[in-house]
Amino acid sequence: MKGFGKVFKFEWLKNTQRKMFLVFLILAFLFPVIGNGVNYYLSEVWMPRFEEQTQSGETEEEGEGTLTLNVFTPPTAEETKAQLESEIAAEQALRDAKSPDFSDAHLQNAENDLAVLNYKLRHGLIKPEDSYQKEGYDLQHNDNRAWQAAAAGGSSTLLYAFAVTYLAVIVAGEYEKGTLKSLVIRPAGRRAILAAKYLNTLLFLFLLMLADYIGQLLSGMLLFGAGDPASPMVYALFGRAFELPLGLAGLLLFVLQFVSSLMPLAMTLLLAVLLRSAAGTIALSLSLALIGSPLILQLAKFMNGLRFTSFVHEDLSVYLSSGIRVDSTNILFSAVLALLYTVIFLFAASWLFRKRDI
Amino acid sequence: MPNDARIKIRHLKKVIKDRTIIHDLSLDLYPGEVFGLIGPNGAGKSTTIKMLVGLSAVTEGDIYYEDLNYRDNFVEIKKHIGAIVENPDLYRFISGRKLLEYSCCFYPDLPESRVDEVISLVRMDYAVDKPPRVYSLGMKQRLALALALLPEPEFLVLDEPTNGLDPQGIREMRLLLRNLAEEHNVTVLVSSHILGEMQALCDRVGLIHQGELLKVGRVSEISEAISGHGMRILCDRPADLCRYFNARGVAFMRQADYVRVQCDPDYVNNLLTELMDAGFKLYAAEPEHANLEESFMRLIGEKGGEIR
């Protein structure tokens, strides 16, 4: 890739001058701040008032038209453990019977959940009689809320949309405006030009995620307290639990979410070279991400062959958070396929970019 | 003309969707010359230029820069090329100066003063700190020229460079390009369909039509080869003179009080004697250099084309 360093530097200097660059960075910072502000109002202002009103209402005699709240009582750790063991036994029975109702994803998720629960019990992180729900439900009510929210990467879809827009504008938009010509006649190979644009976008996405992370953390700390980044978080992969300090877990999820963007952005790059239209690229890329991916994920539960499509492997962080979504997949399988698709998309985009006249 | 061509184009062919856009084009371009590629819209000028600067792939044939084949050494060769292709498309959000400074990334050996040099060369000092979105077409053209000149190119390719320039700008551009060729030994390739301008600017021209290079040579040679030698005669009875030529089958054209006639230089003396013997009182008889535009129109007329 002759001239890659030169064209990368030029692209970076040039693109940082775009209004879009600064606007997206500010938005990436502001969205989590606003989100935390709304959460703070709901949990610290609105909810106590609501609970106060509810309690005062309970003292009054119940009559016609009175609203009765059914308060949900979470199960204890012991009860959850029993439930998970029974789910695992049921799935294993279905598997042994070669039943079409068997779900490998369900089994793996239950095994991972049980491994996490057992780990916490074994290390005294919870007691059997404590109320316990699977990870994610009770994060809002403890001192580490700022760190946990930052680790959850709440604005990732929005940041992905910003990165797609940025990439579409600097590739397809430059086709449309004719400025790509002045770049191609400079002493750099076409492969280097395309690689520079792709890596510029990844660098921009990294900055967006960083702004989001900092916004999330700072506003969270300000509103909910500093918390303890060293407090333990327990995750499980392949049915084995492991512990990470909360701060490190956040960084790991940050990295996984960033790495997960490589493949969909490579597909956007291919679409930009193919369509040569910024609006078309943005519309198609976001449609595929927002509509196509969830649709394929649902269909993949019934059509086993779809687990080989790129859409199923777009987000590696699900394996550490919300769980496995499709049968017969795991983090390694997804990582290998995501890498393979990234290479295919980049190769196709590069071939097309070199082949076509400008 | 030096023997060693800087750019050698050999049997160049471009096919797009089964349609041949450029047919077997061969051409040599020399250091220190301004070469004009002339042709109507759609003749293949821009396609040829795009192949020379790497925007368009070559279907068949070869291009050499000082014996380096484009196919194997193109990134290296591009260090020596400056170009404006079609419109001066510029980033609207960066000032001219910043764009020039950023473009220096591609040429790490350039001295820091080079940006100011090219700004002053194209006389853009007054506007270079503004973004191109406020520029007139002429200013954009000047900035695009500054960008093309930035790497001190040895091969400068300009597609319709005077588009949008006022007469003063056109004159400055002409002087600048002549100076680059004569003083700095730059090979300048210019394309245009404004033939008068090319006649004033170029050392040699190539006439291209429907993808074929019809003629290559010095402007005067081409004009004379196509249109022949002309002479303008001012006499006491121009109408009678026209009838006289008509009766003898001599090609002529009435131009106000003058009559223009095709005449071989060796025959001028005989013709003038014959006219005086025929009783015409001659006030003036002057040679008329053939006009490139007329020659070109005549040539493509023979080929069944029209200029748009």
Side-chain angles (χ1 to χ4, degrees), chain A residues 1-24 165-166 169-197 199-200 204 273 276 278 350-358, chain B residues 14-17 21 46-47 49-59 72-95 98-109 131-133 140 143-144 146-148 150-151 153 155-157 159:
Chain A
M1 286 201 289
K2 287 181 183 170
F4 169 78
K6 294 170 189 169
V7 71
F8 181 84
K9 187 176 172 190
F10 174 79
E11 279 291 301
W12 186 250
L13 287 170
K14 179 192 77 188
N15 290 325
T16 50
Q17 299 292 312
R18 292 180 189 270
K19 274 186 191 156
M20 169 178 71
F21 188 91
L22 193 62
V23 170
F24 284 174
T165 306
Y166 181 86
V169 167
I170 69 170
V171 178
E174 290 207 16
Y175 264 120
E176 289 176 308
K177 291 198 161 60
T179 47
L180 197 61
K181 281 184 295 189
S182 59
L183 193 58
V184 170
I185 59 181
R186 296 291 175 198
R190 286 200 188 189
R191 231 190 320 234
I193 291 171
L194 206 62
K197 284 182 179 288
L199 290 178
N200 255 277
F204 179 56
V273 176
R276 301 185 187 194
S350 166
W351 179 82
L352 200 61
F353 187 60
R354 281 182 296 140
K355 198 83 183 162
R356 293 175 102 175
D357 292 344
I358 294 168
Chain B
K14 178 71 182 176
V15 179
I16 299 175
K17 290 181 184 166
I21 309 293
S46 289
T47 307
I49 280 180
K50 281 182 171 184
M51 286 193 280
L52 282 167
V53 299
L55 293 175
S56 187
V58 173
T59 308
D72 311 318
N73 307 281
F74 194 46
V75 173
E76 188 58 33
I77 289 170
K78 281 202 282 186
K79 288 179 185 167
H80 307 286
I81 298 178
I84 305 176
V85 182
E86 292 173 336
N87 305 310
D89 300 306
L90 303 161
Y91 300 103
R92 292 165 59 84
F93 50 91
I94 312 177
S95 73
K98 274 190 178 167
L99 186 53
L100 284 162
E101 286 170 355
Y102 294 169
S103 298
C104 288
C105 294
F106 292 102
Y107 312 100
D109 298 333
R133 64 172 175 271
K140 285 181 186 167
L143 180 58
L147 284 161
L150 186 69
F155 181 34
L156 185 61
V157 185
D159 192 7

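Here is how names work: the chains are called A, B, and so on, in the same order as the sequence lines, proteins then strands, and each is numbered from 1.
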key: Short side-chain to backbone donor-acceptor contact, B/Lys50 and A/Ile358, under 3.5 Å   = yes
ask   = Checking heavy atoms, do the side chain of B/Ile77, its backbone, both or neither come under 4.5 Å from chain A?
value = neither
query = Counting heavy atoms not belonging to B/Arg92, are there more than 12 under 6.0 Å from its CZ?
reply = no
inquiry  = Using heavy-atom distances under 4.5 Å, tell me whether B/Leu90 contacts chain A through its side chain, its backbone, both, or neither.
reply    = backbone
query = Does a sphere of radius 6.0 Å around CZ in A/Arg18 hold more than 12 heavy atoms from other residues, nucleotides or ligands, not counting ones at 6.0 Å or beyond?
reply = yes
query = Checking B/Pro151 against chain A: side chain, backbone, both or neither under 4.5 Å from a heavy atom?
reply = side chain
note = In terms of heavy-atom pairs under 4.5 Å with chain A, the winner among B/Leu147, B/Leu99, B/Ile81, B/Val85 is B/Leu147
Heavy-atom closest contact (B/Leu55 atom, A/Arg190 atom, distance) = O-NH2, 3.1 Å
message = Could you check whether A/Gln17 and B/Tyr91, counting side-chain N and O atoms only, form a donor-acceptor pair closer than 3.5 Å?
response = no
task = Over 60° means perpendicular and under 30° means parallel, so classify the ring planes of B/Phe106 and A/Phe10, tilted if in between.
result = tilted
message = Rounded to the nearest 0.5 Å, what separates atom CD1 in A/Ile185 from atom CG in B/Leu52?
response = 12.0 Å
note = Counting heavy-atom pairs under 4.5 Å with chain B, the top scorer among A/Lys177, A/Lys19, A/Arg356, A/Lys181 is A/Lys181
ask   = A/Thr179 versus chain B, heavy atoms under 4.5 Å apart: side chain, backbone, both or neither?
value = both
message = Check A/Asp357 with B/Lys14, please: is the shortest side-chain N to carboxylate O separation under 4.0 Å?
response = yes
ask   = Taking C-beta and beyond as the side chain, do B/Cys105 and A/Leu13 meet within less than 4.5 Å on heavy atoms?
value = yes
query = Do the side chain of B/Lys78 and the main chain of A/Arg186 share a donor and acceptor less than 3.5 angstrom apart?
reply = yes
message = Which atoms of B/Lys79 are under 4.5 Å from chain A, going by heavy atoms: the side chain, the backbone, both sets, or neither?
response = both
